[in-house]
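Computed from a prediction, not measured in an experiment: that's the story for all the values here.
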Amino acid sequence: MPKSPSLFDFHLLLLFTIFSLAAADAIAAARPITQQFKEAPQFYNSEICPKIVGEDDESDNGTSIFLCSDQSVHVAMTLDSAYIRGSMAAVLSILQHSSCPQNIVFHFVASATANASFLHATISSSFPYLNFQVYSFDDSSVSRLISTSIRSALDCPLNYARSYLADLLPSCVRRIVYLDSDLVLVDDIAKLAATQLGDNSVLAAPEHCNANFTSYFTLTFWSSPTLSLTFANRKPCYFNTGVMVIDLDRWRRGDYTKKIEEWMEIQKRTRIYELGSLPPFLLVFAGNIVAVDHRWNQHGLGGDNFKGLCRDLHPGPVSLLHWSGKGKPWVRLDANRPCPLDALWAPYDLLRTPFALDS
């Protein structure tokens, strides 16, 4: 007669199961990414587009003249395997709605630990004619400064790469449009890139002065006699850092990366905010930016940072749709639980499905 399993046997089985699941997770994490993307159509300049002088030449240090031209529209985005599907859709939307798509240069920032060759090859295969560079971002440069936030996805070091663009990109790149990966444009990006920054402003973005600005910082911050004076001579408003026009020359001269890092160091000692990479930008820039029309960042379509529930558009015209928040359109579409506005993202999705037929 077989012996009944003992409590010890059950414990061994449980441990074996736990270790097996952990091993499976590790293998899955190490497995090459299997997403494949379709090739996008090629887009051409209209007759009104300026010709980039010497676009096929190189400067003395080997940098492409095209890469450095002030007549190019320079777009910066982060690039990683988790969000690459969103990045591909964003790039397609930018090119499709641009009157001068061949004059756009993309500057992609990827983690130094990422598979850069895979990311580069993925972009190249879907956009063979794209003008782009991929820059390596050393996570360790910011990891020591990151404090935990209300959502773990916000703690990824690559989220902080926007603070280091002035150091990562060639010094000849003087102005950049920074965009998150969870958005699509339905208007010409050249209009946004042409935003006038005046004599002193470093960046421009849509402001939301009706938002409760005090909620972005803790009671510890507002009760401090010193810290609470940060905005004393400003009229600060919330702005979303997923869409910004940045003067990199002024950023470099003002050493704004160091200013942001100083606030992150204070946060490590005394918890003054809860929301990832946004609050340091607000601390440094809020009240001193150029306001852009709200049409250029219809944000919050991903819902809040906890449930990611569906949301409607803000009133007014739309030039850019932004799924900031927890819910991402490609995740909800794959789960067959899309929000109504996710249908506006779907036409830009280049993912090649197993049963898709190229036209």
Side-chain angles (χ1 to χ4, degrees), residues 39-77 79 87-109 120 123-124 126-135 162 165-166 168-180 183-206 243-253 289-293 295-297 317-320 348:
E39 182 175 328
Q42 185 176 3
F43 299 93
Y44 298 91
N45 284 356
S46 65
E47 294 181 356
I48 63 170
C49 298
K51 178 173 173 57
I52 308 299
V53 178
E55 60 186 63
D56 296 323
D57 300 330
E58 290 187 348
S59 62
D60 293 338
N61 63 2
T63 304
S64 166
I65 296 294
F66 192 93
L67 182 69
C68 292
S69 175
D70 287 339
Q71 291 180 303
S72 301
V73 173
H74 296 274
V75 179
M77 302 175 67
L79 196 63
S87 302
M88 303 283 276
V91 171
L92 176 58
S93 73
I94 292 167
L95 296 174
Q96 183 171 319
H97 295 284
S98 172
S99 56
C100 302
Q102 293 173 293
N103 288 6
I104 301 175
V105 181
F106 288 86
H107 303 266
F108 296 112
V109 178
H120 194 285
I123 296 294
S124 294
S126 287
F127 302 100
Y129 307 101
L130 195 70
N131 302 303
F132 76 96
Q133 296 282 326
V134 178
Y135 305 87
R162 71 196 82 191
L165 293 174
L168 292 167
L169 273 56
S171 59
C172 62
V173 180
R174 302 169 58 189
R175 170 186 280 240
I176 202 84
V177 178
Y178 174 81
L179 298 174
D180 275 351
L183 53 78
V184 294
L185 274 77
V186 292
D187 203 344
D188 193 340
I189 194 171
K191 299 177 184 176
L192 177 61
T195 301
Q196 297 298 310
L197 291 174
D199 296 331
N200 301 305
S201 295
V202 177
L203 67 82
V243 179
M244 298 183 289
V245 180
I246 305 174
D247 187 314
L248 294 180
D249 275 351
R250 292 177 183 175
W251 184 294
R252 294 176 182 118
R253 288 197 299 268
I289 73 170
V290 171
V292 176
D293 193 291
R295 69 188 302 152
W296 287 104
N297 194 354
V318 180
S319 291
L320 185 151
Y348 303 100

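- Taking all atoms of both residues into account, the shortest heavy-atom contact from Trp296 to Pro206 is C-CG, 4.2 Å.
- Annotation for Ile123 and Met88: closest pair CD1-SD, 3.6 Å, computed over non-hydrogen atoms.
- The shortest non-hydrogen separation linking Gln96 to Phe43 is CA-CE2, 3.7 Å.
- Taking every heavy atom of both residues into account, Asp249 and Ser171 meet most closely at OD1-O, 4.3 Å.
- For the pair Trp251/Leu165, no side-chain contact is recorded, criterion being any heavy-atom separation below 4.5 Å from C-beta on.
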>> Assess the residue pair Ile104 and Ile189 against the criterion (side-chain contact (heavy atoms from CB on, under 4.5 Å)); give the C-alpha distance rounded to whole Å, side-chain angles, the decisive distance to 0.1 Å, and a yes or no.
In response: CA-CA 9 Å; Ile104 301 175; Ile189 194 171; 4.0 Å; yes
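- Note that the OG atom of Ser87 and the CG atom of Leu183 stand 9.0 Å from one another [nearest 0.5 Å].
- Side-chain contact between Asp187 and His97: absent, with no pair of heavy atoms (C-beta onward) separated by less than 4.5 Å.
- Here the side chains of Val245 and Arg175 are in contact, with some heavy-atom distance below 4.5 Å.
- When side chains are defined from C-beta on, Phe108 counts as touching Val91, because their heavy atoms get closer than 4.5 Å.
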Exercise answer: donor-acceptor pairs, residues 194-202 side-chain atoms, under 3.5 Å, sequence neighbours excluded:
from	atom 1	to	atom 2	distance (Å)
Thr195	OG1	Leu192	O	2.6
Gln196	NE2	Ala194	O	3.2

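- A donor-acceptor pair under 3.5 Å is absent between the side-chain atoms of Asn131 and the main chain of Leu67, judged by distance alone.
- The aromatic ring centroids of Phe106 and His74 lie 6.0 Å or more from each other.
- Remark: Arg174 CZ is loosely packed, at most 12 non-hydrogen atoms of other residues, nucleotides or ligands lying under 6.0 Å away.
- Here Asp180 pairs with Arg162 in a salt bridge; the nearest charged N to carboxylate O distance falls below 4.0 Å.
- In this structure the side chain of Ile176 never reaches within 4.5 angstrom of the side chain of Asp247, judged on heavy atoms.
- Judged purely by atom type and a 3.5 angstrom limit, Gln102 uses its side chain to pair as donor or acceptor with the backbone of Asn45.
- Of all heavy-atom pairs between Ser99 and Cys49, the closest is O-SG, 3.1 Å.
- Side-chain contact between Leu320 and Leu179 is present, with heavy atoms from C-beta onward closer than 4.5 Å.
- The closest side-chain heavy-atom distance from Val318 to Arg295 is not below 4.5 Å.
- With hydrogens and angles disregarded, a donor-acceptor distance shorter than 3.5 Å links the side chain of Ser93 to the backbone of Leu185.
- Under a 4.0 Å N-O distance rule, the pair Lys191/Asp188 does not qualify as a salt bridge.
- For the atom pair SG (Cys100) and CG (Leu95), the distance works out to 12.0 Å, reported to the nearest 0.5 Å.
- The backbone N or O of Ile94 sits nowhere less than 3.5 Å from a side-chain atom of Ser98 that would complete a donor-acceptor pair.
- In this structure, the side chains of Met77 and Tyr178 stay at 4.5 Å or more apart for every pair of heavy atoms.
- When all heavy atoms of Met244 and Ala205 are compared, the closest pair comes out as CG-CB, 4.3 Å.
- Ring centroid separation for the pair His107 and Tyr135 comes in under the 6.0 Å cut-off.
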